[in-house]
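What follows is a single structure, written as structure tokens, with notes after it.
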Amino acid sequence: MSIEETIWEYKGVCFPRDLTMETLDVLPDFQIRDDDIVVATFPKTGTNWLVEIVAKILQAVGITDRSGENFISPGPLELKLPTRPHPGYVTQAETPSPRLMITHLPIEFQPKGISKPQNKVKILVPMRNPKDTVVSLYHFGNKVMELTGVRLTDNIPFDAFAQNFLNGKVPYGPYEDHVLGWWQMRDDPHFLFLKYEDMKKDLLSAVKAIVAFLEVDLDESTIKGIAEASTFNNMKADMDNSKIAERQAIARKGVIGDWKNMFSQELSEAFDTWYEKKFSGTGITFDFE
């Protein structure tokens with residue numbers, strides 16, 4: 001199976017095969033509630049990490065007793081996971097509030113209540129440097145294939161997959177259009193943008209920022225406890241033992257600069273040229289190590 005057979009393209013975006021045209025048609029009218037919290041990401045940029053942190057915060061203030069795994073079990077709004085009978089939005093429509101939902105869709109395909117949020121809707125958007133993102137996406141795709149039999153990234157050499165990434169021919173690609181589409185909302189108070197690399201370097205500050213964004217009150221010791229419980233090593237243990245097969249594939253290394261173990265000098269230079277062309281002047285800068 002080639003990479004082209006694992007995705008399909010519509011309006012310049014590549015979608016995984018488990019995402020249907022029917023879903024894209026109905027999602028814009030999916031009802032977003034006033035107390036919804038949404039984590040909107042390009043895949044492999046911190047989705048599950050952020051869900052775990054938000055869930056722990058909601059538990060600490062007594063809003064819910066649901067775990068991060070429970071929140072995330074329906075899968076992304078737009079996707080029917082191999083282990084689920086319906087796309088995420090079908091399950092979420094019947095889920096009582098509060099809802100903590102995830103989505104990988106570009107902003108232009110989102111429910112109106114996410115692309116143009118009103119009232120108290122909260123949307124968190126993590127971002128990760130593209131070199132580490134492509135490495136993580138490559139390994140994730142191969143791991144999911146082992147666990148579920150579903151081939152996401154195809155068993156191709158990494159350099160070929162990385163070139164597909166640069167060309168936008170990966171699930172939810174092009175990466176740059178996805179990231180910049182959300183980034184246009186950076187001045188909207190309904191959105192909080194977080195960089196994966198910043199969270200790795202100072203998780204406590206990130207948790208404090210999320211607490212403030214969610215407009216909840218927690219004391220310093222509770223916030224520190226959430227940050228400690230949300231370190232990569234602690235969360236990897238939970239995910240590796242998840243009852244959800246796809247979730248077992250999520251946590252691998254969780255480091256900044258792992259791309260150096262996969263990239264040739266030539267590939268690194270190609271990414272640097274692409275990155276400068278796509279992101280120069282946008283206000284987005286990433287740490288690569």
Side-chain angles (χ1 to χ4, degrees), residues 6-52 54-55 58 63-64 66-126 140 144 148 150 152 170-173 177-178 181-182 185 188 190-192 214 242-247 249-250:
T6 68
I7 57 177
W8 62 283
E9 191 168 345
Y10 177 64
K11 292 187 176 180
V13 177
C14 290
F15 297 105
R17 286 289 173 187
D18 287 336
L19 197 167
T20 66
M21 192 69 230
E22 177 187 3
T23 294
L24 291 182
D25 285 340
V26 301
L27 262 187
D29 294 319
F30 177 78
Q31 292 301 304
I32 298 299
R33 303 173 193 162
D34 195 32
D35 59 351
D36 280 343
I37 301 171
V38 180
V39 176
T41 69
F42 190 85
K44 304 308 299 170
T45 58
T47 316
N48 283 260
W49 192 10
L50 212 43
V51 166
E52 289 291 341
V54 173
L58 297 180
I63 292 176
T64 186
R66 296 174 64 190
S67 65
E69 174 152 321
N70 186 279
F71 274 119
I72 213 167
S73 62
L77 279 175
E78 68 278 2
L79 209 56
K80 191 193 87 63
L81 298 179
T83 51
R84 293 290 176 265
H86 308 290
Y89 77 89
V90 175
T91 304
Q92 293 289 8
E94 301 170 354
T95 300
S97 295
R99 298 186 301 188
L100 170 55
M101 303 181 290
I102 65 172
T103 176
H104 298 311
L105 280 178
I107 192 170
E108 64 267 28
F109 293 96
Q110 290 290 343
K112 297 181 183 72
I114 295 177
S115 60
K116 299 177 180 177
Q118 298 181 353
N119 301 320
K120 296 182 179 180
V121 175
K122 305 287 188 181
I123 303 167
L124 299 95
V125 186
F140 174 73
V144 166
T148 67
V150 176
L152 293 183
V170 293
Y172 298 101
D177 293 346
H178 194 292
W182 289 102
M185 306 302 292
D188 186 316
H190 295 93
F191 290 82
L192 176 66
L214 296 178
S242 173
K243 296 177 182 179
I244 304 171
E246 297 88 352
R247 194 165 161 83
I250 284 170

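- The two residues Pro43 and Tyr172 come nearest to each other via the heavy atoms CG-CD1, 3.5 Å.
- Counting only heavy atoms from C-beta outward, the side chains of Arg84 and Ser73 approach each other to under 4.5 Å.
- In this pair, Phe15 and Tyr10 present their aromatic rings tilted. The plane angle is within the 30 to 60° band.
- Atom-to-atom distance recorded for Met21:CE and Thr23:OG1 is 9.5 Å, nearest 0.5 angstrom.
- A distance of 11.0 Å separates CG in Leu27 from CZ in Phe109, rounded to the nearest 0.5 Å.
- Closest approach of Pro16 to Leu79, counting heavy atoms only: CG-CD1, 3.8 Å.
- Residues Pro126 and Ala40 come closest through the heavy atom pair CD-O, 3.6 Å.
- Atoms OG1 and CG, from Thr64 and Leu58 in turn, are 6.5 Å apart once rounded to the nearest 0.5 Å.
- Put simply, the side chain of Asp188 does not reach to within 4.5 Å of the side chain of Ile123, judged on heavy atoms.
- If you take CZ on Arg17 and NZ on Lys80, they are separated by 15.5 Å, rounding to the nearest 0.5 Å.
- Side-chain contact check for Phe191 versus Trp182: some heavy-atom pair is nearer than 4.5 Å.
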>> Let's go through Leu81 and Asp18 carefully: what are the C-alpha distance in whole Å and the side-chain angles of both, what is the deciding distance for side-chain contact (heavy atoms from CB on, under 4.5 Å) to 0.1 Å, and is it a yes or a no?
In response: CA-CA 7 Å; Leu81 298 179; Asp18 287 336; over 6 Å; no
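- Taking each heavy atom of Phe71 and Arg66 in turn, the nearest pair found is CE2-NH1, 3.4 Å.
- When all heavy atoms of Pro111 and Ile32 are compared, the closest pair comes out as CB-CG1, 4.1 Å.
- In this structure, the side chain of Trp8 engages the main chain of Leu19 through a donor-acceptor pair within 3.5 Å.
- Taking CG of Leu192 as the reference point, atom CG of Leu214 lies at 8.0 Å (rounded to 0.5 Å).
- Here the CG-CD distance, from Asn48 to Glu69, works out to 9.5 Å after rounding to the nearest 0.5 Å.
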Listing, residues 97-107 side-chain donor-acceptor contacts under 3.5 Å, not counting sequence neighbours, or none:
residue, atom, partner, partner atom, Å
Ser97, OG, Arg33, NH1, 3.0
Ser97, OG, Asp35, OD1, 3.4
Arg99, NE, Asp36, OD1, 3.0
Arg99, NH1, Gln92, O, 2.8
Arg99, NH2, Gln31, O, 3.0
Arg99, NH2, Asp36, OD2, 2.7
Thr103, OG1, Glu78, OE1, 2.9
Thr103, OG1, Leu105, N, 3.2
Thr103, OG1, Gln110, NE2, 2.9
His104, ND1, Thr41, O, 3.1
His104, ND1, Thr41, OG1, 2.9

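- For the pair Ile72 and Ser67, the minimum side-chain heavy-atom distance is 4.5 Å or more.
- Residues Pro28 and Leu24 share a closest heavy-atom pair of CD-O, 3.2 Å.
- With a 4.5 Å cut-off on side-chain heavy atoms, Ile7 and Val170 do not count as touching.
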